[in-house]
J.: 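One structure follows; several queries about it will come next.
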Amino acid sequence: QVQLVESGGGLVQAGGSLRLSCAASARTFSEETMAWFRQAPGKEREFVGLISRSISRSATVTYYSDFVKGRFTISRDNAKKTVYLQMNSLKPEDTAIYYCAAGNWGTRISDYRYWGQGTQVTVSS
């Protein structure tokens, strides 16, 4: 069983930055692919990006949706069992609840077995 707890959400002006954190409880954290999804009001949950488990010597692979490429960065600290989502150049359309997830490599909701409770990000214009 993996428990995930997100933090760092809040209200920010357009063009600003936020860093979300997701703390995991699992002993196997380093073996999990970690992803971020988001869900805006009235919309389906969508994939934001992911970071693979460590491949070798802590090397990881990241993959992002087109709408966040160049603006968002995902990183992980296996010693702290935490994954981060650094969000820069935020836009009002980035307003959503952001969820952390753990599971297998993929962009579908079904690829992930464990989910956090979500953290609200609101970007004002």
J.: For residues Val121 and Gly9, report the shortest heavy-atom separation together with the two atoms involved.
T.: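 Closest approach of Val121 to Gly9, heavy atoms only: CG2-CA, 4.2 Å.
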J.: So, taking the atom named CG in Leu20 and the one named CZ in Phe72, what distance separates them when rounded to the nearest 0.5 Å?
T.: 8.5 Å
J.: Are Thr33 and Asn104 packed together at the side-chain level, in the sense that at least one heavy-atom pair is separated by less than 4.5 angstrom?
T.: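 With C-beta onward as the side chain, the pair stays apart.
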J.: Please give me the minimum heavy-atom distance between Ala40 and Ala96, naming the atom from each residue.
T.: N-CB, 3.8 Å
J.: Can you pull the disulfide (SG to SG under 2.5 Å) pairs that have at least one residue in residues 80-125, sequence neighbours excluded?
T.: Cys22-Cys100
J.: What residues, two or more places apart in sequence or in another chain, satisfy side chain to side chain contact (heavy atoms under 4.5 Å, CB included) together with Ser124?
T.: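 For Ser124 the side chain to side chain contact (heavy atoms under 4.5 Å, CB included) partners, ignoring immediate neighbours, are Leu11, Gln13.
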J.: Please report the closest heavy-atom contact between Ala26 and Val2, naming both atoms and the distance.
T.: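 Residues Ala26 and Val2, closest heavy atoms: CB-CG2, 3.4 Å.
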J.: With hydrophobic residues grouped by side-chain heavy-atom distances under 4.5 Å, do Met34 and Trp115 end up in a single group?
T.: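 Met34 does not cluster with Trp115.
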J.: Is the side chain of Ser21 donor-acceptor paired with the backbone N or O of Ser7 at a distance under 3.5 Å, no angle test?
T.: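 A pair under 3.5 Å: no.
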J.: OH of Tyr64 to CD1 of Ile51: how many Å apart, nearest 0.5 Å?
T.: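 Reported value, rounded in 0.5 Å steps: 6.5 Å.
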J.: Of all residues at least two apart in sequence or in a different chain, which pass the side chain to side chain contact (heavy atoms under 4.5 Å, CB included) check with Gln117?
T.: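 With neighbours one apart ignored, the set is Val5, Glu6.
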J.: Nearest 0.5 angstrom please: Thr28 OG1 to Lys81 NZ, how far?
T.: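 The NZ atom of Lys81 is 8.0 Å from OG1 of Thr28, to the nearest 0.5 Å.
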J.: Let me confirm one number: the OG-CZ distance from Ser30 to Arg53, rounded to the nearest 0.5 Å.
T.: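 With rounding to 0.5 Å, OG (Ser30) is 9.0 Å from CZ (Arg53).
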J.: Taking only residues at least two apart or on different chains, which pairs with a member in residues 108-125 satisfy salt bridge (Lys or Arg N to Asp or Glu O under 4.0 Å)?
T.: Glu32-Arg113, Arg108-Asp111
J.: To check you understand the geometry: which heavy-atom pair defines the closest contact between Ile74 and Leu50, and what is its length?
T.: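 Scanning both residues, the minimum pair turns out to be CD1-N, 3.3 Å.
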J.: Linking I/L/V/M/F/W/Y whenever their side-chain heavy atoms sit closer than 4.5 Å, directly or via other members, would Ile109 and Val68 fall into one cluster?
T.: no
J.: Does one hydrophobic cluster hold both Phe47 and Ile97, with members joined at side-chain heavy-atom distances below 4.5 Å?
T.: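 Shared cluster, yes.
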J.: List the residues meeting side chain to side chain contact (heavy atoms under 4.5 Å, CB included) with Ser17, not counting sequence neighbours, and say none if there are none.
T.: Gln86, Asn88
J.: Would you list the pairs meeting salt bridge (Lys or Arg N to Asp or Glu O under 4.0 Å) in which at least one residue belongs to residues 40-52, sequence neighbours left out?
T.: Arg38-Glu46
J.: Pairs in or reaching into residues 62-78: which pass salt bridge (Lys or Arg N to Asp or Glu O under 4.0 Å), with residues at least two apart or in two chains?
T.: Asp66-Lys69, Arg71-Asp94
J.: Indicate if Leu85 and Val12 have the same hydrophobic cluster label, given that clusters are the connected sets of ILVMFWY residues with side-chain heavy-atom separations under 4.5 angstrom.
T.: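 In one cluster: yes.
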J.: Can you list everything that forms a side chain to side chain donor-acceptor pair (under 3.5 Å) with Glu93? Sequence neighbours excluded, please.
T.: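 Partners of Glu93 by the side chain to side chain donor-acceptor pair (under 3.5 Å) criterion come out as none, since no residue qualifies.
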J.: Restricting to side chain to side chain contact (heavy atoms under 4.5 Å, CB included), what partner residues turn up for Ala23, sequence neighbours left out?
T.: Thr82
J.: Applying ring pair (Phe, Tyr, Trp, His ring centres under 6.0 Å), which residue pairs with at least one partner in residues 83-113 are found, sequence neighbours left out?
T.: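 Counting only pairs at least two positions apart or across chains, the ring pair (Phe, Tyr, Trp, His ring centres under 6.0 Å) contacts touching residues 83-113 are Phe37-Tyr112.
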J.: Could you work out, with side chain to side chain donor-acceptor pair (under 3.5 Å) as the rule, every residue matching Thr122, not counting sequence neighbours?
T.: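 Listed in chain order: Gln120.
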J.: So for atom CD, which belongs to Gln3, do other residues, nucleotides or ligands contribute more than 12 heavy atoms lying within a distance under 6.0 Å?
T.: no
